[in-house]
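Below is one structure, written out as structure tokens; the observations come after it.
Remember, it's 1-based here, ligands and their atoms both numbered in the order they're listed. Small disclaimer: the values here were computed from a predicted structure and weren't measured.
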Amino acid sequence: MMSTNPARNTEPFDAVDVIRVKRDKGVLSPKQIDWVIDAYTRGVVADEQMSALNMAIFLNGMSGDEISRWTAAMIASGERMDFSGLSRPTSDKHSTGGVGDKITLPLAPLVAVFDVAVPQLSGRGLGHTGGTLDKLEAIAGWRANLSNEEIFAQLESVGAVICAAGAGLAPADKKLYALRDVTSTVEAIPLIASSIMSKKIAEGTGSLVLDVKVGSGAFMKEVDKARELAQTMVELGKSAGVHTVALMTDMSVPLGLTAGNALEVRESIEVLQGGGPEDVIELTVALAEEMLAGAGRTDVDVRAALADGRAYDKWRDMIAAQGGDNDAPLPVAKYNEQIVAAADGVLSGVDALAVGVAAWRLGAGRARKEEPVQAGAGVELFAKPGATVRAGQVIATLHTDTPERFGRAKEALDGAFTIAPAGTEVAPSKIVLERIA
Ligand code: URA
């Protein structure tokens, strides 16, 4: 077959042949994988060809060997950071993405209290799961872009950094993730596992804890699929010499009582000041204990550091080090509307995906990566499953600067709050479902 690729004579493979192997359920050779990732990063393999290959992988899967080679090729597409020169061990966390998932905010300073450095290289949100950088950018003056030297210096001085992953880190993933987002190929285990682990291994953390979300608001809706993803990532981490553990955690209900950038910063500060919703505290503590254990610190009282203000002091240092004004008021959206309970009874469910989509439609998230987000937009909940409610009681407030968005946000919330007859027992939801090591 004639190729339309002008570089054919100098490239060792043809993208069409590589796509055909996966389309026909074959196994890609290590050389084919190395080439296709490198050639896509260089722009030799076109977006439409990579889209076809992603879809073939989505439909037909990959073997363990293919996933680990694909991950290695993505790591090799960019730089590798090295924190071995720091005076303390490093530990990081990565979540597969959820609704109201602000855990990184209290977690990074909390772990740093115990002299373990946290290099959190994060991203912006796309779709219904919010992005850590978008949340922190709600703080006046806070700067997401740091040079590698600044990251290193802040890890030495404060012990925690949350900042944008630089363009040099796994550039293949940056291109691939944007492509997957617009071609409906995000929710594939080989692609998610390689995307996350390439960035985390390239980042150079010594120890890693993965928060693998399960439920309506997560990429993996079923426990079996989430377990397979967790096991795949733990294997990738271990074979790269990174101490890796995964917690599978519930994402059928939003985490905490807020979804939206400034709203989530406010709730995180409440947790750092010793208050806040119990599910956020429980998950923050569970992840902190795993991160600390991975770095060799097992005899520490993590909850105490939230309760006595040490984690909050560390947060203030971390925010100030990146230009953030700790004392500036957080932005508040110009308009709000209330959602009320439709009946008397017990709230038995609050659908995470519906709340995430509503927050996104209110302006907390973006549909295209170049769009700005609204700092004050989002959903504030006043009741979680198990709460007794009365018809007409306010159970949520919607916030936005652009009131024409209320209609579509309310549509997303249609049926999101389930009310069972009064007296129904609603079992308290478990946050941590399984641990995979
Ligand atoms: N987060 C990532 O970084 N990559 C994915 O593919 C999914 C979630």
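- Using modelled atom types and a 3.5 Å distance limit, the side chains of E380 and N336 yield no donor-acceptor pair.
- Within a 6.0 Å radius of NZ in K225, other residues, nucleotides and ligands contribute 12 heavy atoms or fewer.
- Within ligand 1, the atoms closer than 4.0 Å to a non-hydrogen atom of F219 are 7 (C), 8 (C), numbered from 1 in the order shown.
- At a 4.0 Å cut-off, not a single heavy atom of V186 sits close enough to ligand 1 to count as contact.
- For the pair K199 and ligand 1, the shortest N or O to N or O distance falls below 3.5 Å.
- The closest side-chain donor-acceptor pair between S216 and D351 falls under 3.5 angstrom.
- Defined by atom type and a distance below 3.5 Å, a donor-acceptor pair is present between the side-chain atoms of Q374 and T402.
- In terms of polar-atom proximity, R180 is counted as a contact of ligand 1, with an N or O under 3.5 Å from an N or O of the ligand.
- A donor-acceptor contact closer than 3.5 angstrom links the side chains of K93 and T104.
- Checked against a 3.5 angstrom limit, the closest N/O atoms of S195 and ligand 1 fall inside it.
- Of the candidates I192, L229, I196, it is I196 that places a heavy atom closest to atom 1 (N) of ligand 1.
- The salt bridge (charged side-chain N to carboxylate O under 4.0 Å, His left out) test with D115 is passed by exactly one of R310, R88, K314: R88.
- For atom 5 (C) of ligand 1, the closest non-hydrogen atom on the protein side is Y177 CE1, 3.2 Å.
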